[in-house]
Asks: 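One structure follows; several queries about it will come next.
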Amino acid sequence: MEKVDLIKKWLNNDLSKAELEAFNAMEDAALYKEIVAEAQRFSGATNAKVPSYEAFDKKLSEHKNTRTPWLKIISGMAAVLVVGLALFTLINNNKTTSFRTDLAEKEQITLPDNSRVDLNELSELEFNSAKWRDNRMLNLKGEAFFDVEKGKRFDVNTNLGTVSVLGTEFNVLSRDSIFKVSCYEGLVQVSYGNKTIKLPAGTEFLLSSGTGITTNISVAEPYWLKNMSVFKNAIFPDVIKELEKQYNIEVDIPTDISMKFTGAFEHNNLDNALKSITKPLNLTYAILENNKVIIRHEAQ
């Protein structure tokens, strides 16, 4: 069978098994397939109908100068390559790197500039790795500790505010209606609403219900990095919520508990953690099956 006839039948999807083998054996078969594949890809539908050979041949014969159609074909292929390159660049420039932690899970992340991020449980972090050299910006939901390499501006965006630094160590918590920034080294800038404040090392900013408060801190890093939860004059139900998150358990407490707790519990030993929060308040506990715990008043 003539080459032209093979191409006609191939375009019409009408080749027998033997004819298909003959077509595939042609020196330029791969080129024909690639052209059709690219045409379908950029048409927006992988099942787009391919014009028949007769329609293609008729269009070529309308031109007196036989070189012109091929120039147009080459130009068209070049246009496809240009569009493809533009799409590749667009997709690459919008490449987002994301991290997410589950309950009682932490993750340490090294950024493209070797800055370090410790992501706390139930948190999300994302950034554009392709643009990182020119724009060191991240989006955070939850809590993370940052150890930032010195260099260009570094921004952490949250739903409640933005933290900007030039090489330092700090912690950001943005969850529900609470936005807290703790600076452990250097200086950070905190922007929220239409306000901006400077936060030096050893200070902490807390935004809660629209009110911002700055206080001093004396620790070198967040307690959660040491697998500890620390409380100061916290209502007991809030302590229990944190315990449930860290150990993925369900705790039943009396409804009449109104006492407050100052202290801490560890994250890697449930029995020790329960002793830490119940003994100072004269409470007892029992660990049951199915990740359940019961806390009660100590018998008099």
Side-chain angles (χ1 to χ4, degrees), residues 97-101 105-128 132 135-235 238-239 241-242 245-246 262 264 267:
T97 302
S98 303
F99 298 89
R100 176 180 294 182
T101 53
E105 178 188 19
K106 300 179 181 70
E107 184 169 356
Q108 187 170 99
I109 303 156
T110 300
L111 300 176
D113 65 346
N114 290 321
S115 294
R116 192 191 84 226
V117 181
D118 289 279
L119 195 62
N120 202 359
E121 62 171 359
L122 298 174
S123 301
E124 297 179 33
L125 183 77
E126 66 175 24
F127 58 92
N128 189 318
W132 184 258
N135 187 12
R136 300 199 301 171
M137 181 178 69
L138 311 96
N139 296 319
L140 172 69
K141 293 180 181 178
E143 185 170 22
F145 174 79
F146 297 85
D147 185 355
V148 180
E149 289 290 310
K150 290 179 169 51
K152 297 179 181 179
R153 184 184 178 98
F154 187 103
D155 293 324
V156 180
N157 295 326
T158 75
N159 291 334
L160 297 173
T162 299
V163 183
S164 303
V165 300
L166 285 171
T168 185
E169 293 182 359
F170 62 100
N171 191 81
V172 180
L173 169 64
S174 180
R175 184 174 284 129
D176 300 326
S177 61
I178 298 205
F179 177 50
K180 183 166 68 173
V181 182
S182 308
C183 182
Y184 298 96
E185 181 182 293
L187 179 73
V188 303
Q189 175 179 291
V190 181
S191 302
Y192 64 101
N194 56 358
K195 299 179 181 179
T196 299
I197 65 166
K198 302 287 186 181
L199 202 62
T203 58
E204 183 175 83
F205 171 78
L206 174 65
L207 178 66
S208 181
S209 301
T211 301
I213 302 173
T214 302
T215 57
N216 294 326
I217 54 176
S218 56
V219 295
E221 61 181 7
Y223 287 109
W224 64 266
L225 287 179
K226 300 177 180 180
N227 292 317
M228 297 283 292
S229 291
V230 181
F231 306 88
K232 183 177 181 181
N233 205 31
I235 61 173
D238 285 351
V239 178
K241 286 180 181 178
E242 178 68 12
K245 280 200 311 179
Q246 292 298 336
T262 296
H267 296 169

Asks: A side-chain contact here means heavy atoms from C-beta on lying under 4.5 Å apart; do Q246 and E121 qualify?
Replies: yes
Asks: Any idea which heavy atoms bring L160 and D176 closest together, and the distance?
Replies: CD1-O, 4.0 Å
Asks: Does any part of the side chain of L125, heavy atoms only, come nearer than 4.5 Å to the side chain of E107, both counted from C-beta?
Replies: no
Asks: side-chain contact (heavy atoms from CB on, under 4.5 Å) with R116: which residues, sequence neighbours excluded?
Replies: Q108, D118, F145, D147
Asks: With sequence neighbours excluded, what pairs up with D238 under the side-chain hydrogen bond (donor to acceptor under 3.5 Å, both in side chains) test?
Replies: none
Asks: With a 4.5 Å heavy-atom cut-off, do N120 and T101 have their side chains touching?
Replies: no
Asks: For T110, check side-chain contact (heavy atoms from CB on, under 4.5 Å) against everything at least two apart and list the hits.
Replies: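 T110: side-chain contact (heavy atoms from CB on, under 4.5 Å) contacts with N114.
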Asks: Work out which heavy atom in D113 is nearest to a heavy atom in E149; give both atom names and the distance.
Replies: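 Distance-wise, the nearest heavy atoms are O-CG, 3.3 Å.
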Asks: Nearest 0.5 angstrom please: S115 OG to F127 CZ, how far?
Replies: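 Going from the OG atom of S115 to the CZ atom of F127 covers 10.0 Å.
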Asks: Output the distance between atom CG (N157) and atom CG (N139), rounded to the nearest 0.5 Å.
Replies: 5.0 Å
Asks: Does the pair L111 and F154 meet the rule for a side-chain contact (heavy atoms from CB on, under 4.5 Å), with working shown?
Replies: CA-CA 11 Å; L111 300 176; F154 187 103; 3.8 Å; yes
Asks: Looking at CD of E105 and OG of S123, how far apart are the two atoms once the value is rounded to the nearest 0.5 Å?
Replies: 10.0 Å
Asks: Under 3.5 Å, sequence neighbours excluded: what are the donor-acceptor pairs made by side chains of residues 191-201?
Replies:
from : atom 1 : to   : atom 2 : distance (Å)
S191 : OG     : T196 : OG1    : 3.4
K198 : NZ     : Q189 : OE1    : 2.8

Asks: Could you state the interatomic distance from CG (L206) to OG1 (T215), rounded to the nearest 0.5 Å?
Replies: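 If I round to the nearest 0.5 Å, the distance is 7.5 Å.
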Asks: Once you round to the nearest 0.5 Å, how far does OH of Y184 lie from CZ of F146?
Replies: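 Here the rounded value is 12.5 Å.
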Asks: Would you indicate whether the side-chain heavy atoms of F99 and L138 approach each other to under 4.5 Å?
Replies: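 No; the side chains remain at least 4.5 Å from each other.
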Asks: Can you give me the closest heavy-atom contact between S174 and F179, atom names plus distance?
Replies: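 For S174 and F179, the tightest heavy-atom pair comes out as CB-CD1, 4.2 Å.
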Asks: Closest approach of R175 and K245, non-hydrogen atoms and distance?
Replies: NH1-NZ, 4.1 Å
Asks: With a 3.5 Å cut-off and sequence neighbours excluded, list the donor-acceptor pairs that the side chains of residues 216-228 form with protein atoms.
Replies:
from : atom 1 : to   : atom 2 : distance (Å)
W224 : NE1    : E143 : OE2    : 3.2
W224 : NE1    : N171 : OD1    : 3.2
N227 : OD1    : K106 : NZ     : 3.4

Asks: Ignoring hydrogens and geometry, is there a side-chain-to-backbone donor-acceptor pair from R136 to K152 under 3.5 Å?
Replies: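 Present.
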Asks: List the residues meeting side-chain hydrogen bond (donor to acceptor under 3.5 Å, both in side chains) with S229, not counting sequence neighbours, and say none if there are none.
Replies: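 Partners of S229 by the side-chain hydrogen bond (donor to acceptor under 3.5 Å, both in side chains) criterion, ordered by chain and then number, come out as E242, H267.
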Asks: Between atom CG of D155 and atom CG of L140, what is the distance when rounded to the nearest 0.5 Å?
Replies: 13.0 Å
